Peer 1: 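Take a look at the following structure, please.
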Protein chains: 2
Amino acid sequence: MAGRTRNSSSKRATLADVARAANVSAITVSRVLNHPDKVSDELKNRVQQAIDSLGYIPNQSASSLASSKSGVIGVCIPSLSNVVFNDVLRGIYQVAGEGNYKVLLVDTHYSPLEEEKMVRTLLSQSPEAMIITGGDQTRSCERMLSQANIPVVQIMETLEQPLDMNVGFSHYQAGYDVAVRLLETGCHTLGFIGARMDTRVQQRMNGFMAALQERDRLDSKLIVTTPQPSSIALGGELLRSVISASGGKVDGIFCCNDDLAMGALFESQRMNIQVPSQLALCGFNDFEASAYINPSLTSVHVPRFEMGVKAAQMILDQLQERVPANRQVDIGYEIVMRQSTAVV
Amino acid sequence: MAGRTRNSSSKRATLADVARAANVSAITVSRVLNHPDKVSDELKNRVQQAIDSLGYIPNQSASSLASSKSGVIGVCIPSLSNVVFNDVLRGIYQVAGEGNYKVLLVDTHYSPLEEEKMVRTLLSQSPEAMIITGGDQTRSCERMLSQANIPVVQIMETLEQPLDMNVGFSHYQAGYDVAVRLLETGCHTLGFIGARMDTRVQQRMNGFMAALQERDRLDSKLIVTTPQPSSIALGGELLRSVISASGGKVDGIFCCNDDLAMGALFESQRMNIQVPSQLALCGFNDFEASAYINPSLTSVHVPRFEMGVKAAQMILDQLQERVPANRQVDIGYEIVMRQSTAVV
DNA sequence: TTGTACGCGTTATCAT
DNA sequence: ATGATAACGCGTACAA
């Protein structure tokens, strides 16, 4: 009873309701909405009025079912808290929005099994395309994805064998390059601190270690990692570990991301260790703070927004049958040398 | 032709396909999926095998249409880049996931008009509930929301007249309290820097100014704002503005968020201004870095994750007909005094 | 416990 | 340019 007082408790208007109000057939209403050019101006006006007065909102489920077009792009990222994905998502949302696609976003918590479950959930929404992070899917997940027969873009890293399309860069090469650059600035004893250790962080570490190994500079005691999620606090802890492992001799550290690097920097300040004269620090991802902190932080800049944009564009191109120029894109990166590493 | 080579290009399996393969009726398959307890073990096994071998994934559009249950919660936030929403979203996703709800997330770019459009888009997906930021909706948006007849939670700030449910805190009171605390630490000339200036930032500013006004300490020249999006770089610029507007006399600044505060801190360091002895700084939102930076940053801590959790919980309670204990929750905040403000 | 018939709201197809 | 009819894939209601 009480609930019946507002007419808002009456059922949502349907195409048929609008059609009745406008004295036309349902399909005409549908056309006004989806192919306005195929309807005469007179009917268009009548229908539009009925739509407005009824507050009609199309039922996308019915539309999807009838047209097998959901207008949804599924997106899988490993973590909602990791700021790195903010920019990527922004790029995806921007392009998707422009193309009138909705984004269904899920968080896999860095777990391939959870990813598999989430992909199943996404696929049940009949997405027209998927964007998924990295290449670490379960077999079953890969199978679902390929059976879905929709465009799939794997992002964040370049893959040897993408499921379909791919936008990213080589974390291995980036790590390798960082080692080389740090050596060039005169570092002698290099360490690495890494948290979370997902496949991409591992690649950075592998590249870094390979470069050192090739030059006979690798001391694996100075490679300190933890599966814990990355944080500033952790950066401080890991810094202490490396310093003590090196007996105080480490003079350059590659931090697997800028959180860790900032933590290491703050901790250095507290320990009265001069950066960069006593200790060089290099981060990864180039957060905004890295450029402004004192001393400013050398970091690996990655065009994350552009990566999101590119991924979404490749999908739209594909969906609109414009064949995308490339099915695999290396978006690159740039090591930005700042005050936390010595001038060469 | 080429496209026909993989059987993956054949159509997605349906309930009927599974039913045929398992030699049962469609409804039985549906029951295995949704009410497994109502099916005999034998049939359950047969059906499950058919499901697995066909790689059947339910069509949520059809399900939504038939049951008018979409399993979707719509979420509106004003910005994907603003880190503040990460934690809130994490809370929402966690609780929603546990309740087997999917989240459809949209970004309104701080524009009520875009919000209205996005809400329309969300509603077309027949969400079972909505979470929306703040109370600054257009009339038309409010109407749609109430006509949708679903639980709606407005988050991030406490509202006088919520559309439905509400979780947040008083930004006005927080700003007021900051002024009081800064005065208590011995500041004489207080300024404010604010960016973006959405309604919540305005509330913080209003509260701050009111406290100063009441104590005859308000110098409106020292209230410096810009509609530009907040950033660390901007914090530095705004700091300079306030300092010059005050003729160098400002000795305490409330920054509308931690980005700005960090920018102000970094700039102070470059200008050789001692924090807090010459200048006290207080931020807002208490990012992780604020606790570790040197000097550590006084800031207003807000339980964002908890806010997201609470909002989602209120919705689940409502959807499961457990009447929620409260329809409006003040999640509170805490001013965390650190090194960037003097000890009292 | 299992099945049949029908409807959910929309669009595709084919007519007019 | 407009309309009638039949899907789309699933769940509800009821029947057996």
Side-chain angles (χ1 to χ4, degrees), chain A residues 10-48 50-51 54-72 100 121 123-128 148, chain B residues 10-48 50-51 54-72 100 120-121 123-128 148-149:
Chain A
S10 59
K11 270 196 171 158
R12 179 171 160 186
T14 70
L15 257 198
D17 296 333
V18 176
R20 211 169 299 125
N23 223 336
V24 297
S25 74
I27 188 67
T28 298
V29 180
S30 171
R31 287 199 184 102
V32 170
L33 260 22
N34 304 316
H35 311 282
D37 43 314
K38 296 188 172 177
V39 180
S40 68
D41 285 349
E42 193 207 324
L43 283 198
K44 223 182 305 190
N45 288 332
R46 235 160 68 200
V47 167
Q48 192 57 56
I51 288 177
L54 290 178
Y56 169 70
I57 295 179
N59 183 325
Q60 180 61 45
S61 295
S63 174
S64 301
L65 190 55
S67 68
S68 45
K69 286 202 165 56
S70 64
V72 165
N100 272 315
T121 301
L123 288 179
S124 78
Q125 307 286 330
S126 316
E128 297 183 42
Chain B
S10 59
K11 268 194 173 161
R12 178 171 161 185
T14 70
L15 257 197
D17 295 333
V18 176
R20 213 169 299 125
N23 223 334
V24 297
S25 73
I27 188 65
T28 299
V29 180
S30 170
R31 287 197 184 106
V32 170
L33 260 22
N34 303 318
H35 311 283
D37 43 314
K38 295 186 173 177
V39 179
S40 67
D41 285 350
E42 191 208 324
L43 282 198
K44 222 183 303 187
N45 287 332
R46 234 160 70 198
V47 168
Q48 192 57 55
I51 288 178
L54 290 177
Y56 170 68
I57 293 178
N59 183 326
Q60 179 61 44
S61 295
S63 173
S64 301
L65 191 55
S67 68
S68 43
K69 286 201 165 59
S70 64
V72 165
N100 273 315
R120 191 185 309 280
T121 301
L123 288 178
S124 78
Q125 308 286 330
S126 315
E128 296 182 42
N149 227 8

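Since we're looking at a predicted model, the values are computed, not measured. Here is the naming used below: chain letters follow the sequence lines, and residue numbers restart at 1 for every chain.
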Peer 1: Given atom CZ of B/Arg46 and atom P of C/dT1, what is their separation to the nearest angstrom?
Peer 2: 16 Å

Peer 1: For the side chain of B/Gln125 and the backbone of A/Gln60, is there at least one donor-acceptor N/O pair under 3.5 Å apart?
Peer 2: no

Peer 1: For A/Leu54 and C/dG9, give me the distance from atom CG to atom C1', rounded to whole Å.
Peer 2: 15 Å

Peer 1: Can you tell me if B/Arg12 uses its side chain to pair, donor with acceptor, with the backbone of B/Pro58 under 3.5 Å?
Peer 2: yes

Peer 1: Quick check: does any side chain N or O of B/Ser70 sit under 3.5 Å from a backbone N or O of B/Ser126, one acting as donor and the other as acceptor?
Peer 2: yes

Peer 1: How close or far is atom P of C/dT2 from atom NZ of B/Lys38, stated in whole angstroms?
Peer 2: 13 Å

Peer 1: How does protein contact run along nucleotides 3-15 of chain D, one letter per nucleotide 5' to 3', with B for base contact, S for sugar-phosphate only, - for none, heavy atoms under 4.0 Å?
Peer 2: BB---BBBSB---

Peer 1: With salt bridge (Lys or Arg N to Asp or Glu O under 4.0 Å) as the rule and sequence neighbours excluded, what pairs involving residues 13-30 of chain A come up?
Peer 2: A/Asp17-A/Arg20

Peer 1: Using salt bridge (charged side-chain N to carboxylate O under 4.0 Å, His left out) as the criterion, list what pairs up with A/Asp41, not counting sequence neighbours.
Peer 2: A/Lys44

